[in-house]
Amino acid sequence: MLSLIPVFLLALSAHASLLAVQSPRYTVTGAKGSEVQAEPVSLAQKPSSPVALHGKETLKLTFQIVDKETGKGVQPHQTFLRFYDEKTNEEGIQPVRVTPGGKAKFELNLSKPPLSLPPTPDRDPLKVTLFIGSSVYDPLSVELFDLILPASQPAPAHPQELTFHPLPEIKHTFRPENKQPPRLISAVSVGIVFAPWVVLLGLWSQVAPRPSHLFSPSILPFILSLGAFETLLFRYWIGLKLGQVLLYGAILAIPTIFTGKQALSSIANHRLGRK
Amino acid sequence: MFSFRRVLFLAAGLASLVGAKSSTGNSVLVVVEPKRQDDFSIFYDGLRDQGYELTFRAPKDESPPVIEYDEAKFAHVVILASETKNFAKDITPQSLISLLDLETNLILGLSTKQTPLASLAPEFSLILPPPGTPLISYFPKREESPSLIPITPSKYDATEILNKDLPPVWFSGVPHAFGNNPLLVPILHAPAESFASEVDGGSADALVDAAEKGGEGLWAGSQLGIVTGFQALNGARVTWLGGVDLLTDELAQREVSNGVKSGNAQFARNVAAWTFKESLVLRIDKIEHHLVNATGPNEVYTTNDQLVYSIYISKYDPQKATWEPYSGIKDLQLEFTMLDPHIRSSLPPVPGAPGKYSTTFRAPDRHGVFKFVVDWKRKGWTYLHSSTTVPVVPPRHDGYPRFLSAAWPYYAGAISTSMAFFLFSAIWLAGEVQHGNKRAGKAGKTE
Amino acid sequence: MPPKAVHSSSASPTDAFTSLWKAYNDNTSNRLKFIDVFLFFLMLSGIVQFAYCVLVTNFPYNAFLAGFSSTVGQFVLAASLRSQVNPENKDEFREVSPERAFADFALGSIVLHFFVYNFLG
């Protein structure tokens, strides 16, 4: 009994030397030989659910290739199973051994998988197609079923392959910014820092010597020079550069030395003279 | 020999004059057996229309040499002598490699015979089937022999190199399997149903045994290539043809189906355009780096600076033979590297400035000598490399922020000390000095 | 008038402190007390800055060092002025007159303030 075969290809020539695939059947057996699933493959339409293999199961596929007209078994030149992953474009071609009488048997044993299987790291379904080609017959291509294999290692990539694609972005983690305390606290602290002035002025009012010679001409210039120096240093903090302040300081040092000598010698004279 | 079709093609060529030129030179040497030289006239005319000057030479001739005194004499070399076993002594696998070092582009044809080129192919990670096994396919059903196969380019073939909607291409020759080399640019793959086998007398059992042998026992399926390009790291391009027949006039004019001419001529032109550096050729015009608000580059940058990096890229336009700014690169990346990339960011094109790609980022707070590195490699396109070295120094002693609010109390302390000193000195100098201590109050009473 | 008996039999630390304070008050001249008040002021100022550094933030560390060492340095200079000016130490400092001591003090202070403002940021 010939089953109806869908023929995929272009319209045929006059000498319709066609082949047919008879009684295709697949069997899934477990590792210990127990049958898990066995079904005939419908050639009229693809099965809706894929055949799934797990662990160390074995898939056996059997069919027979006959000449459509005479019904005799035929051994064509090319009987290939194509396993194709549509998502990754990986493909594996496996020839099927066919006896001269046309009987074909293919076994996929997961404990010793053939090298031609494509890698399935994500367990994508593989489209399984049967190609039959011969120089004397019309070629025949039959989609069998989808196959899901256990996850495998991904295909090995060349070490430089990554540089041919965009690489992940790298952002630098910076040291965290130094956080400053609220300005209010700093302002209050400024007040506290100035608080000892109260103590200073208060106590000094009791023990300070009377500045009776403050405005005498020998002493005042020295005091003013010291004040000028302090002002220069304060300005240095605000805006001057080192070279400038050293220059100005050197200039200012000259009158300071003179007035200082003058002031201190007059004080010494007072001290000794009073004696 | 002016035949009618040559006149037609020449006329078509003249109509689209200002022929496209290659970006690297116009001189092409064609090494071909004299008896086959005229089989490729459509291919030659296609090249001449693009502006190339062709020089012909038999494989065993000594002149013109491809390489003389370590200089390449031609910009491009096409070896169509795919069945010659003995070339003249200036064409050896080693000399072809040195031609690539000199940035000469090559088109090399293979065949079922074992030639010096077949021993060179594995250097490019192409694994050839045993001699005498061309690619055959029984699909689609056709009148021609199984070894003459019409192939329709699919979306996994080099869509940037080939024209869109290219008609099927007639092919006859050997396939090759690919090794794992990212420099390969597959241009056309074999059909899924094809395989390599002897044309007559191949047996099914031999195929099954070859597959069970493991390794590369069986050449079959769409993972095989038949026209494959290779772009070396210095930019030179090589295209390997599984068979030179796809350049012949006969296949260029054979119809694939009723009234539809094959795509061979167009395919040959596309392949030549890519190999001779007309299409998919880019170059870097200029690089700029500067601080965000500055115009010119700095000698030295400080950590935590905001830097701007710009790169200008042009693409070669073969129609006009000029370089035009090109903003079509979507995934250009910049790395700011000191031994390892510290920052890797994308360089998007700047709208409004054609050809300019720019990004702004903050320099890391590590100091050292950094490099701006752009290293862009994609299949089929010229490799873009650029590396600019720039020192990044820590802030100078007066580069730190001053007058911070956190330090107000310390400023107050220093100023307060200064003022207190001044006041102290003023009172000290101005005060009375008594010789001997002046005892305060309560003197005289002892207890 | 017979001296009043001031102390009862309760001897306590506060009494020691009180008598120390009384002795200090009676025996130091006003000039020295003047310097001592200055020293006390500098100490308070330093303590406040140190407390701020520890409790709130030490972020501009250079500013803390500058401010704190201005008080400490000034304290040292004033203390040395006090010891050189004290008449009881006249034998120690035979070549140094009080004016010379003050001149040293002023010069040292100017230099100290220069470094402090340099580092203050």
Side-chain angles (χ1 to χ4, degrees), chain B residues 291 300-306 362-367 392-447, chain C residues 3-4 6-7 19 22 25-35 37-38 41-42 45-46 48-53 56-75 77-78 81 85-88 98-99 102 105-106 109-110 112-113 116-117 119-121:
Chain B
L291 290 172
V300 152
Y301 292 104
T302 314
T303 59
N304 294 311
D305 270 350
Q306 292 284 346
R362 184 173 154 197
D365 51 11
R366 292 244 159 79
H367 59 270
V392 172
V393 294
R396 295 174 44 130
H397 71 283
D398 51 4
Y400 290 94
R402 299 182 68 186
F403 307 120
L404 301 165
S405 78
W408 286 344
Y410 307 124
Y411 303 152
I415 294 172
S416 144
T417 307
S418 183
M419 289 201 299
F421 158 75
F422 174 66
L423 203 56
F424 172 87
S425 318
I427 299 178
W428 177 271
L429 289 170
E432 291 272 335
V433 180
Q434 304 287 349
H435 182 66
N437 293 325
K438 183 170 166 213
R439 294 184 187 269
K442 300 186 179 122
K445 282 228 183 98
T446 52
E447 293 221 273
Chain C
K4 274 204 287 214
V6 183
H7 297 297
S19 66
K22 221 162 151 330
N25 240 346
D26 293 341
N27 294 337
T28 32
S29 73
N30 266 356
R31 277 178 87 75
L32 294 182
K33 280 200 195 150
F34 179 60
I35 304 186
V37 170
F38 189 41
F41 160 80
L42 290 172
S45 184
V48 170
Q49 290 183 65
F50 189 75
Y52 178 80
C53 172
V56 182
T57 180
N58 70 342
F59 160 44
Y61 198 57
N62 57 313
F64 161 67
L65 290 180
F68 188 66
S69 55
S70 83
T71 61
V72 167
Q74 193 72 64
F75 185 95
L77 288 170
L81 174 71
V85 158
N86 196 347
E88 289 173 17
E99 289 71 36
F102 182 79
F105 168 74
S109 297
I110 298 285
L112 171 73
H113 293 161
V116 162
Y117 279 122
F119 206 54
L120 195 55

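Not measured: the values here are computed from a predicted model. Just so we're on the same page: letters track the sequence lines, and every chain starts at 1.
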Next on the checklist: Heavy-atom pairs under 4.5 Å with chain C: which of B/Y411, B/F421, B/Y410, B/F403 has the most?
Outcome noted: B/Y410
Checklist entry - Do the two ring centres, one from B/F424 and one from C/F102, sit under 6.0 Å apart? => result no
Checklist entry - Does the B/T417 side chain pair with the main chain of B/G413, one donor and one acceptor, at a distance under 3.5 Å? => result yes
Item to check | Engaged part of C/Y52 at the chain B interface, taking heavy atoms whose separation is under 4.5 Å | outcome: both
Checklist outcome for this item: When the 4.5 angstrom heavy-atom criterion is applied to C/I35 and chain B, the contacting part is both
Next on the checklist: Report which part of C/L120 has an atom under 4.5 Å of a heavy atom belonging to chain B: side chain, backbone, both, or neither.
Outcome noted: both
Checklist entry - For B/I415, is it the side chain, the backbone, both or neither that has a heavy atom under 4.5 Å from a heavy atom of chain C? => result both
Item to check | Most chain B-contacting option - heavy-atom pairs closer than 4.5 Å, from C/A63, C/G67, C/A106, C/A66 | outcome: C/A63
Next on the checklist: At a 4.5 Å cut-off on heavy atoms, which part of B/Y400 comes close to chain C: side chain, backbone, both, or neither?
Outcome noted: neither
Checklist entry - Just how far is it from atom CD of C/E88 to atom OG1 of C/T28, taken to the nearest 0.5 Å? => result 9.5 Å
Checklist entry - Is the side chain of B/D365 donor-acceptor paired with the backbone N or O of B/N304 at a distance under 3.5 Å, no angle test? => result no
Next on the checklist: Taking every non-hydrogen pair under 4.5 Å, which of C/G73, C/S69, C/S70 racks up the most with chain B?
Outcome noted: C/S70
Checklist entry - For the residue pair C/F64 and C/F68, does the interplanar ring angle fall in the parallel (under 30°), tilted (30 to 60°) or perpendicular (over 60°) class? => result parallel
Item to check | Verdict with reasoning, C/S109 to C/Q74, per side chain to side chain donor-acceptor pair (under 3.5 Å) | outcome: CA-CA 7 Å; C/S109 297; C/Q74 193 72 64; 2.9 Å; yes
